[in-house]
Amino acid sequence: MSQTPPDPNFEALAQRAASLRAQIHEHNHRYFVLGSPTISDAEYDALFDELDAIEKTYPALITPDSPTQRVGSDLDERLPKITHPNPTLSLSKAYTEDDIRAWRTRIDKVLDTSARLGYVVEPKFDGLTVVLTYTDGILTLGATRGDGYTGDDVTANVRTIRTVPTRIPVHPDAPRPPSPLVVRGEVVMLKEDFKAFQQKMQTEGETRFINARNTASGALKQLDPRVTASRPLTLYAFEIVDAPDDSTPHSQWQSLSFLRQMGFLVSEDIQRFDDLEAVIAHIRAFEARRHSLPFEIDGLVIKIDDFATYNALGVVGKNPRGAVAYKFPPEVVTTRLTGVSISVGRTGVLIPNAELEPVFVSGATIKQATLNNFDDVARKDVRVGDRVMIKRAGEVIPFVIGPLPDARTGTEQPITPPTHCPFCQSPVLHEEGEVAYYCGNPECPERIARSIEYFVGKGQMDIEGLGEKGVRQLLEAGLIRDEADVFSLKPESLENLEGYAKLKIQNLMNSIEAAKKRPLDRVLVALGIPNVGTTVAKVLIKHFPSLELLMNATADQLQTIGGIGPSIAATVVDWFALPRSRSVITKLAAAGVQMVSTETQITRSEALAGMTFVLTGTLPTLTRDETGALIEANGGKVSGSVSKKTSYVVAGESPGSKRDKAEQLGVPILDEDGLKRLIADRGGES
DNA sequence: CACCCTCGAGTTCC
DNA sequence: CTCGAGGGTG
C-alpha cells in the first residue's frame with residue numbers, strides 16, 4: 001500500500017463525508033423506524049455511494065459508526081428477533097455495462113482462469129427479502145432479512161402468504177425435501193394487487209399507501225397476522241441457503257428448478273447465459289420491458305451459476321464476489337413542488353399543473369407535471385412547498401405520485417380549487433359528484449384561444465404551419481377573434497408579423513385553402529362541441545348530413561340515434577344555441593368551408609364488417625391514420641381500448657400495454673401483413 | 001342499479 | 001397512455 005498523497009480537497013471531503021453520514025443516518029431512521037422516507041431509494045443510494053467512494057479513496061475517513069460499515073437494517077423493535085446462521089450479504093452494485101464487465105475482470109483475477117462461466121440473471125425484486133426454514137418439510141421459521149445477521153421473526157405472517165408452501169412437498173409424488181431446508185425469497189406486492197389494494201383503501205379513506213414496496217413491508221410486519229392475510233402478498237423464492245449437501249443441486253440454475261419442484265413460486269423471468277456479452281444484451285432488452293413485469297424491480301442480479309466457483313470466489317468486505325446487482329437508472333425521484341398554475345381547456349375545465357424544481361427522471365428533465373384534477377390533489381393531499389415523488393408514467397408523461405408528508409416544515413400551502421376563472425374572472429362551476437371544475441364562460445379569452453388551437457389542429461381542420469404559438473400571435477395581433485377568422489387571413493396582413501416569411505405565408509395560405517374541403521364530420525369535430533369526437537361526429541353526420549340540419553335538430557331527435565344518450569344530445573343542442581357558435585358557423589359557411597356531407601363514403605368492401613380493431617405500436621409501412629382508413633374502408637371499426645369484444649389487435653414495433661391486454665384476453669394479434677392478408681382473404685382491397 | 005365497453009380530453013420533452 | 005364519464009346491457 002502506498003501512502004495516500006496529500007490532497008488539497010481532503011478537508012472538504014472530510015466535511016462532506018461527515019455530512020453524508022449524518023444525512024444517511026437520518027434517512028435510515030425515517031425509512032426503517034418511522035417507515036416514512038423523505039427521499040427516494042435511488043437518492044438514498046446516491047448518498048450512500050458517494051460516501052462509500054470517499055471512504056474508499058481515504059480509508060482514514062472511515063468512522064466506526066459510518067453507515068457503510070454495516071448492512072442497512074430494517075429491524076422493527078416490536079417484533080421478536082432471530083439470528084441468521086447464514087447471514088444475507090449485500091451485493092456490490094453496477095450502474096453501467098462497463099461496471100458489469102469490470103466485475104467479470106475482477107473474477108478473472110481471483111480465479112486466475114479465463115474458463116467459461118455460466119451466469120444466471122434474475123430480476124432484482126423491489127420487495128423484502130425473507131428467509132424460510134423448513135424442518136422435515138414443515139415451515140418452522142420465517143424471518144425478515146433485517147440487517148443480514150439479525151432479522152424479525154414473522155413466521156405467523158409469512159404463513160398467510162398464499163405462494164409460501166407451509167408444507168412440502170406440495171405434490172405427493174414430488175421428491176422428499178431435504179431437512180433442514182433454508183430458502184431465501186422476496187416478498188412483494190404485485191403491481192396489479194397493489195393497485196387494487198390502494199383503490200380499496202382509498203374508498204375507505206386511507207391514502208397512505210404510496211408504493212408497493214413500503215406497503216408490502218408494512219403488511220409483513222403486522223403484529224396481527226390477520227392483517228397480513230388481508231393484504232395481497234406474493235413470495236418468489238430465489239435461493240437455497242442451506243440444506244444437507246448431498247441432496248441439493250450444485251448450481252443456481254438447478255436450484256431454481258429444484259425450488260419449483262418443491263412447490264415454491266419462482267419467477268419465470270430468470271435466464272441462464274454462457275457468455276457475459278449475452279448477459280449484457282439481455283439486460284439491455286430487459287430494461288425496455290421491465291414495466292410489463294407483474295412486479296416492481298429496480299434492477300437485475302447476475303450470479304455465477306456454478307456453486308463451487310461462486311464459493312471459491314469468496315467475499316470481499318460484505319459483498320460476495322460471485323454476484324453483482326445491476327441497478328436501472330432511477331425512475332422515481334423526489335423534488336419540490338414550487339407552485340401550482342391553473343390552465344383552462346377549450347371545454348372550460350380547470351386543470352391544476354404542478355410547477356416543479358427541475359429534476360432528471362427517465363432521460364429528461366422535468367419541471368412541470370399535470371395534477372389532473374382537484375379531487376386528485378385533495379386525495380393525495382399535495383401542498384405547495386411539499387417534497388413530492390415524481391415518475392414518468394409509461395416512461396413519458398410526468399406524474400406526481402404523492403407528497404412526502406414527513407419532509408414538511410409547516411409552511412406548505414394547501415391547494416384549493418379557484419372560485420373564479422384565472423383568465424376571465426367568471427365564477428367557477430362545479431357539479432356535485434363530478435370531478436371537474438369549470439369556467440362556464442363560453443366567451444372566456446383563454447377558452448377561445450384553446451378552441452381555435454384545437455380547431456386548426458391535426459385531426460381536425462389540420463392547418464399546417466399554425467400551432468399554439470401561431471394562434472396566440474394572431475389573436476394578439478387582432479387578426480383573428482374566432483375559428484372562422486382563420487379563413488379570412490390575408491397574406492398582406494401576415495407580412496408584418498414576426499416569423500412570417502414569404503414562403504411560410506404561401507404554405508399557410510395553401511393549407512387554409514385545403515382545409516375548406518375537409519369532410520363535414522371533421523369540421524364538426526373541429527368545432528369542439530363537448531363530447532363530440534371522431535366517432536360521435538361520424539354518427540351525427542350520418543343522420544344529419546349537413547350542419548344546417550344538425551343545428552336545428554332537437555334533443556329528442558338526437559337521442560334516437562344509437563350511441564347518443566341524453567347527455568351528448570343536451571351538449572350538442574346547448575352548443576348550437578350559443579350565439580358565438582352560430583356566428584362561427586355562419587362565418588365558416590360564408591368563407592366557403594364545406595358545410596354539407598359529401599357522403600361518398602369510400603367503403604370499398606365489407607370484408608371486415610362487424611369487426612373491431614385496436615391499433616398499437618408502429619407498423620412497418622402504414623401510418624396509424626392509414627391503417628385506420630384501410631380498416632374503415634373495408635367496413636371494419638377502429639377502437640381505442642382492448643376488450644373481449646375486440647376482434648383483432650394490430651400490433652407493430654414497440655407496442656404498448658394494449659398488446660399485453662390482448663394476450664390476457666386471448667384477442668388475436670395481427671401484424672401489418674396479417675391485416676393485409678385478412679382483408680385479401682375476405683375479398684377486400686388494400 | 002351495477003357492470004362493461006367505448007369515447008373524449010389532456011398529457012411532456014425536444 | 002391514462003383517466004373520467006357517457007351509453008348500453010344484463
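Order of the sequence lines sets the chain letters (A, B, ...), proteins ahead of strands, with each chain counted from 1.
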How about [X] and [Y]: do any of their side-chain heavy atoms sit closer than 4.5 Å?
{"X": "A:Val593", "Y": "A:Met461", "value": "yes"}
{"X": "A:Leu337", "Y": "A:Val400", "value": "no"}
{"X": "A:Asp298", "Y": "A:Phe328", "value": "no"}
{"X": "A:Ile631", "Y": "A:Leu615", "value": "yes"}

Given [options], the nucleotide with the shortest approach to the side chain of [X]:
{"X": "A:Val536", "options": "B:dC7, C:dC1, B:dA9", "answer": "B:dC7"}
{"X": "A:Val435", "options": "C:dA5, B:dG8, B:dC13", "answer": "C:dA5"}
{"X": "A:Ser641", "options": "B:dA9, B:dT11, B:dT6", "answer": "B:dT6"}
{"X": "A:Lys367", "options": "B:dT6, B:dT12, B:dC13", "answer": "B:dC13"}
{"X": "A:Arg346", "options": "C:dG4, C:dC1, B:dG10", "answer": "B:dG10"}

How close or far is atom [atom2] of [N] from atom [atom1] of [X], stated in whole angstroms?
{"X": "A:Leu371", "N": "B:dA9", "atom1": "CG", "atom2": "C1'", "result": "17 Å"}
{"X": "A:Phe399", "N": "B:dT12", "atom1": "CZ", "atom2": "P", "result": "13 Å"}
{"X": "A:Leu527", "N": "B:dA9", "atom1": "CG", "atom2": "C1'", "result": "17 Å"}
{"X": "A:Leu540", "N": "B:dC7", "atom1": "CG", "atom2": "P", "result": "13 Å"}
{"X": "A:Asn373", "N": "C:dT2", "atom1": "CG", "atom2": "P", "result": "17 Å"}
{"X": "A:Tyr437", "N": "C:dA5", "atom1": "OH", "atom2": "P", "result": "12 Å"}
{"X": "A:Ile366", "N": "B:dT11", "atom1": "CD1", "atom2": "C1'", "result": "11 Å"}
{"X": "A:Ile529", "N": "B:dA9", "atom1": "CD1", "atom2": "P", "result": "10 Å"}

Salt bridge (charged side-chain N to carboxylate O under 4.0 Å, His left out): pairs with one or both residues in residues 517-527 of chain A, sequence neighbours excluded: none

Salt bridge (charged side-chain N to carboxylate O under 4.0 Å, His left out) pairs, two or more places apart, involving residues 439-457 of chain A: A:Glu446-A:Arg450, A:Glu446-A:Arg472, A:Arg450-A:Glu453, A:Glu453-A:Arg472

Comparing A:Asn353 and A:Pro530 on DNA chain B - which has the more 5′ nearest nucleotide: A:Pro530

Worked check of side-chain contact (heavy atoms from CB on, under 4.5 Å) between A:Val525 and A:Tyr454: CA-CA 9 Å; A:Val525 173; A:Tyr454 182 74; 3.5 Å; yes

Closest contact, heavy atoms only, A:Val456 versus A:Leu466: CG2-O, 3.6 Å

Residue mapping more 5' on DNA chain C - nearest nucleotide basis, A:Asn531 or A:Gly640: A:Gly640

At less than 4.0 Å, is any side-chain N or O atom of [X] found next to OP1 or OP2 of [N]? Yes or no.
{"X": "A:Thr365", "N": "B:dC13", "value": "no"}
{"X": "A:Ser639", "N": "B:dC7", "value": "yes"}
{"X": "A:Thr534", "N": "B:dC7", "value": "no"}

Residues which pass side-chain hydrogen bond (donor to acceptor under 3.5 Å, both in side chains) with A:Glu296, listed by chain and number, not counting sequence neighbours: none

Residues within residues 442-455 of chain A bordering DNA chain C, heavy-atom distance below 4.0 Å: none

Neighbours of DNA chain C within residues 567-575 of chain A, by heavy-atom distance under 4.0 Å: A:Ser567, A:Ile568

Using atom names, set out every protein N or O paired with an N or O of nucleotides 8-10 of chain C below 3.5 Å, distance rounded to 0.1 Å.
residue: C:dG8; atom: OP1; partner: A:Gly563; partner atom: N; Å: 2.6

Touch class at under 4.0 angstrom, heavy-atom based, for A:Val349 against every strand present: nothing

Sugar-phosphate only, base, or nothing, as touched by A:Ser643 at under 4.0 Å among non-hydrogen atoms: sugar-phosphate

Protein-nucleic acid N or O pairs under 3.5 Å, nucleotides 1-3 of chain B:
none

Output side-chain donor-acceptor pairs under 3.5 Å for residues 577-584 of chain A, partner residues at least two apart or in another chain, one line each.
residue: A:Arg580; atom: NH2; partner: A:Glu483; partner atom: OE1; Å: 2.8
residue: A:Arg580; atom: NH2; partner: A:Glu483; partner atom: OE2; Å: 3.0
residue: A:Ser581; atom: OG; partner: A:Trp575; partner atom: O; Å: 2.7
residue: A:Arg582; atom: NE; partner: A:Phe576; partner atom: O; Å: 2.9

Salt bridge (charged side-chain N to carboxylate O under 4.0 Å, His left out) partners for A:Asp193, two or more places apart: none

Contacts of type ring pair (Phe, Tyr, Trp, His ring centres under 6.0 Å), residue A:Phe286, not counting sequence neighbours: A:His282

Counterpart residues, ring pair (Phe, Tyr, Trp, His ring centres under 6.0 Å), relative to A:His430 (two or more places apart): A:Tyr437

For A:Val349, side-chain contact (heavy atoms from CB on, under 4.5 Å) partners two or more places apart: A:Thr347, A:Ile351, A:Ala436, A:Tyr438

Ion pair check, A:Asp673 and A:Lys676, cut-off under 4.0 Å: no

